[in-house]
Amino acid sequence: MTQQNMITVIVDGREVQVPAGTSAIDAVFQAGRDVPYFCSQQYLSPIGACRMCLVEAGTPRKNPDGSWILDEQGEKKIFYFPKPMASCTLGSSDGMVIKTQTEGVKKAQSGMMEFHLINHPLDCPTCDKGGACELQDRAFEYGYGVSRFQFDRRHAEKHYELSEFVILDQERCIHCKRCVRYFEEVPNQEVLDFIERGGHTFIDTIEGGLPSNFSGNITDICPVGALLDNVARFRGRNWEYDHTATTCTACPVGCSITVDARNGRLERIVGRDNYEVNEQWLCDGGRFGHPYVDEDRLTQPLIKVDGKFKPATWEEAISAIKTGLQGVAPQNMGFYTKADITLEEGIALEAFVKQVGTQNVDHAPRYGVVVNAPAATLLDVATADAVVVIGADVSEEAPVLDLRIQEMLKGGVLPQQYDFGTAIADLRLTERMHRYRERLAVFYPTKTRLHDVAGITAEMDSVKVLEHLSSVVSGQYAGGAIEEAAALLKGAKKPVIILGSDVLKGGQIGLDIAAHIALSTNAKVLPIPADANGVGLSRLEVVPQNGADLSLMGTLQAALVSRLTRIPEDFAGFLVVHETQLTDVAKRANVVLPALTNYEKRGTTVNLEGRLLKLEPAAISSGESADLITALGAIAEALGMKAPIRGQRSAQKALKERFGVDVANLKNMGEIVDLGRQYNARAGRYHRPEVGMWKETMLRSSRLREKLGGSFNAALAD
């Protein structure tokens, strides 16, 4: 527990200490007791809509002279509320007595359960929520087991599309209002509401469906299976899935996720609670962008013979690589990889290129910049009293960072932490909370989603914004939004500056100016890296110091390329591609080695705040696919040498020796670790990142393209 101002509450005869302001339901859970609930949710305001968490409660009172009113036994007399109370909206007070097991409470809870089940269909044998349904579980625990209502159940539409990704089964909805509150309170979009009243009430959205970016989260928080993930719908039952807790690498935020696989296929991704990173939320790209994993996967090596690929064994592939590399000097070989590989793969690549004796190594996308200012975390953003966004379309580059900014606008209310976990009903959260728009300034060349919620905005060139802002904090006058943003930073106690692609692609000069602004205003800086592990790889020597970077690959005679979507057109040498699908790059290869996706890897990534996060392999069938460490081992064998790092253990040992951190035993929420020196490319050039939430890799899926219907964005940073 985090607060020091503690009060005593007695729950079913057991005294428990809780912070002042704790809701009665959280006091009950802190005491190790249980009450049912449907409408409460850890990150939403408590409203007492479902009336399931009813308890008997009472408090002692004082006489006018300040003494306690005593009962016949000389003890403090408890004055009970005349009726059972919804404990999620009831604040606990010192000396409060709560009873959860009386006959009155049991009758009230069973009666409410009967009421919720009046119209709810018995779809449990086919419902996607079956086995994980809160209504199903609570009906078994707290219901009568029979219903006194004999009339026909209400019938409504069961396949109502709220968007291309979210299906509403109107019959199942119990009107807990979680989804309605979510849109207003988390992404700050009032797009869903109750329509009609009484028995005719249903939820619906504005014409055109739900907005993209964060709509899928309502499928996680719906307690009864009324809102369903339309990508995973009817794919499996909860008990049939293999659940794997891992990290999303669709963007640099590194959200905690659970990957659900069945029969070797990735069927569903759901959010996992990590209040320091993503709380419980995911963006739609991270949630729905996975179908490519099972479409047209390469499951064994391919060798090109007479211009056509033929399947091969790894031994045959190694033999073909040996033939292709014969006579090629190490200084004419290059090794290039996507910037979302694990730290273990990165340090294996670094060690391998040193052993081979080449300096031609690079990762992409990346920015050629080094941060020389105090670094901000996601919690710093959520609790800041001023945030200035420069050159970032946050909702596309690092979507969940948008939600932490929305949290800042509400006053940085973070969930209380108890022994049992995150507070179920935080009474500080209320519907339609005031938002401090004046605390947010947004500068970007075109209008972004955050422009609509910021108090200070301008559509300006990002470098000019930095230059003018730097001048103003140094005492000069610029006027307009720049002057207001400078005043915002100067007047704040915990300011944060967020820098995006439009600044970082300009090179080191942008960060140097930003560092000057930050140091002049005591602000922290949060740059958004170009890819999921850009921060981690920048701490390894996998950038070209004196060799050829990716753009100069055409000067080489041979190269290994791992999961890159583009390579220079002028490359005409021997090409080995490590890929998950037969992409346009892979089609140019002489040898293709099947690659694992990040859902299938064990390893470590570093997110935008420098937090080390774990990747765990989900139970996905991918044939003979292998990670980059194995692919480098194959190249080493073809070159007649033994790779210095040949597996996870040796890679983790090397990371421990290098950074002093045991990546095999990271905490579930990850750890922020200072990894020391940041390497930069000698030329300072950058490789363009994708700024859209829907990445090019995701769009390899025909299922996803069909659902998006051409409304996706996989644009590059310029």
Side-chain angles (χ1 to χ4, degrees), residues 1-62 68 76-102 105 108-109 134 138 176-178 181-182 185-186 221 223 273-276 279-280 379 382-383 407 410-434 669:
M1 290 177 285
T2 55
Q3 290 191 357
Q4 298 301 313
N5 185 16
M6 307 297 281
I7 59 173
T8 300
V9 179
I10 301 147
V11 180
D12 294 335
R14 178 184 173 185
E15 285 192 5
V16 61
Q17 300 286 315
V18 295
T22 295
S23 63
I25 193 172
D26 283 314
V28 170
F29 284 111
Q30 185 68 10
R33 309 300 293 181
D34 186 33
V35 287
Y37 64 91
F38 296 127
C39 63
S40 291
Q41 203 278 342
Q42 286 89 330
Y43 299 103
L44 303 179
S45 62
I47 58 169
C50 69
R51 317 304 291 177
M52 280 302 299
C53 61
L54 296 172
V55 296
E56 289 182 4
T59 57
R61 292 181 187 169
K62 289 183 177 179
W68 291 104
K76 293 178 184 175
K77 185 176 181 180
I78 303 300
F79 293 84
Y80 285 92
F81 292 99
K83 294 181 179 179
M85 301 292 290
S87 56
C88 67
T89 53
L90 177 66
S92 55
S93 58
D94 197 26
M96 174 177 274
V97 175
I98 300 173
K99 297 180 179 178
T100 69
Q101 298 296 315
T102 66
V105 168
Q109 291 171 345
E134 296 174 40
R138 295 306 193 180
C176 69
K177 211 182 179 184
R178 280 189 186 181
R181 283 178 288 149
Y182 161 77
E185 296 174 13
V186 181
I221 61 175
D273 197 2
N274 186 341
Y275 81 95
E276 292 190 7
E279 295 187 321
Q280 194 176 321
L379 282 181
T383 57
E407 198 169 9
K410 291 193 299 184
V413 179
L414 294 169
Q416 296 267 23
Q417 295 298 306
Y418 295 88
D419 294 344
F420 65 88
T422 306
I424 303 298
D426 191 332
L427 295 173
R428 298 170 303 169
L429 298 172
T430 59
E431 289 187 278
R432 290 186 170 81
M433 288 181 71
H434 175 73
M669 287 193 290

Suppose we screen for salt bridge (charged side-chain N to carboxylate O under 4.0 Å, His left out). Which residues come up paired with Lys99, at least two apart in sequence or across chains?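 None.
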With sequence neighbours left out, what residues match Arg178 under salt bridge (charged side-chain N to carboxylate O under 4.0 Å, His left out)?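 Arg178 satisfies salt bridge (charged side-chain N to carboxylate O under 4.0 Å, His left out) with Glu134 only.
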Counterpart residues, side-chain hydrogen bond (donor to acceptor under 3.5 Å, both in side chains), relative to [X] (two or more places apart):
{"X": "Gln101", "value": "none"}
{"X": "Gln41", "value": "Gln280"}
{"X": "Ser23", "value": "Asp26"}
{"X": "Thr430", "value": "none"}

Search all heavy atoms of [X] against all heavy atoms of [Y] and return the closest pair with its distance.
{"X": "Ile47", "Y": "Cys176", "value": "CD1-O, 4.0 Å"}
{"X": "Thr100", "Y": "Arg33", "value": "OG1-NE, 4.3 Å"}
{"X": "Leu429", "Y": "Pro46", "value": "O-CD, 3.5 Å"}
{"X": "Pro415", "Y": "Thr422", "value": "CB-CG2, 3.4 Å"}
{"X": "Ile78", "Y": "Gly95", "value": "CD1-O, 4.2 Å"}
{"X": "Ala27", "Y": "Thr22", "value": "N-CG2, 3.8 Å"}

Straight-line distance of Ile424 CD1 to Asp426 CG, nearest 0.5 Å: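 Between atom CD1 of Ile424 and atom CG of Asp426 there are 11.0 Å.
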Atom pair OG1 (Thr59) and CD1 (Ile98), whose distance is rounded to the nearest 0.5 Å: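 Here the interatomic distance stands at 10.5 Å.
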Counting only pairs under 3.5 Å, give me each side-chain donor-acceptor contact of residues 81-90, with atom names and distances, residues two or more places apart or in other chains.
from, atom 1, to, atom 2, distance (Å)
Ser87, OG, Cys53, O, 2.8
Thr89, OG1, Ala86, O, 3.4

Residue among Arg181, Lys177, Met52 satisfying side chain to side chain contact (heavy atoms under 4.5 Å, CB included) with Cys39: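 It is Arg181; the other options fail the test.
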Please list, chain by chain and in numerical order, all residues satisfying side-chain contact (heavy atoms from CB on, under 4.5 Å) with Leu414, sequence neighbours excluded.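 For Leu414 the side-chain contact (heavy atoms from CB on, under 4.5 Å) partners, ignoring immediate neighbours, are Glu279, Leu379, Ala382, Thr383, Arg404, Glu407.
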Partner residues of Ile7 under the side-chain contact (heavy atoms from CB on, under 4.5 Å) criterion, sequence neighbours left out: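 Result, side-chain contact (heavy atoms from CB on, under 4.5 Å) vs Ile7: Val9, Val18, Ala20, Ser92, Asp94.
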Under a 4.5 Å cut-off applied to non-hydrogen side-chain atoms, are Lys77 and Pro60 in contact?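 Lys77 does not reach Pro60 side chain to side chain.
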Would you call Val11 and Gln30 a side-chain contact if the rule is heavy atoms closer than 4.5 Å?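 No. Closest side-chain heavy atoms not under 4.5 Å.
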Residue pairs passing the salt bridge (charged side-chain N to carboxylate O under 4.0 Å, His left out) test where at least one lies in residues 34-46, sequence neighbours excluded: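 Found Asp34-Arg138.
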Criterion side chain to side chain contact (heavy atoms under 4.5 Å, CB included) on Val28 and Val16, from CA distance to verdict: CA-CA 9 Å; Val28 170; Val16 61; over 6 Å; no
Using the side-chain hydrogen bond (donor to acceptor under 3.5 Å, both in side chains) rule, collect all pairs that involve residues 42-56, keeping only residues at least two apart or in two chains.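 Residue pairs with at least one partner in residues 42-56: Tyr43-Asp273, Ser45-Glu185, Glu56-Thr102.
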Answer with yes or no whether the side chains of Thr8 and Gln17 bring together a donor and an acceptor at under 3.5 Å.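 Yes, a side-chain donor-acceptor pair sits under 3.5 Å.
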Test ring-ring contact (aromatic ring centres under 6.0 Å, His included) applied to Phe420 - qualifying residues, sequence neighbours left out: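 For Phe420 the ring-ring contact (aromatic ring centres under 6.0 Å, His included) partners, ignoring immediate neighbours, are Phe29, Tyr418.
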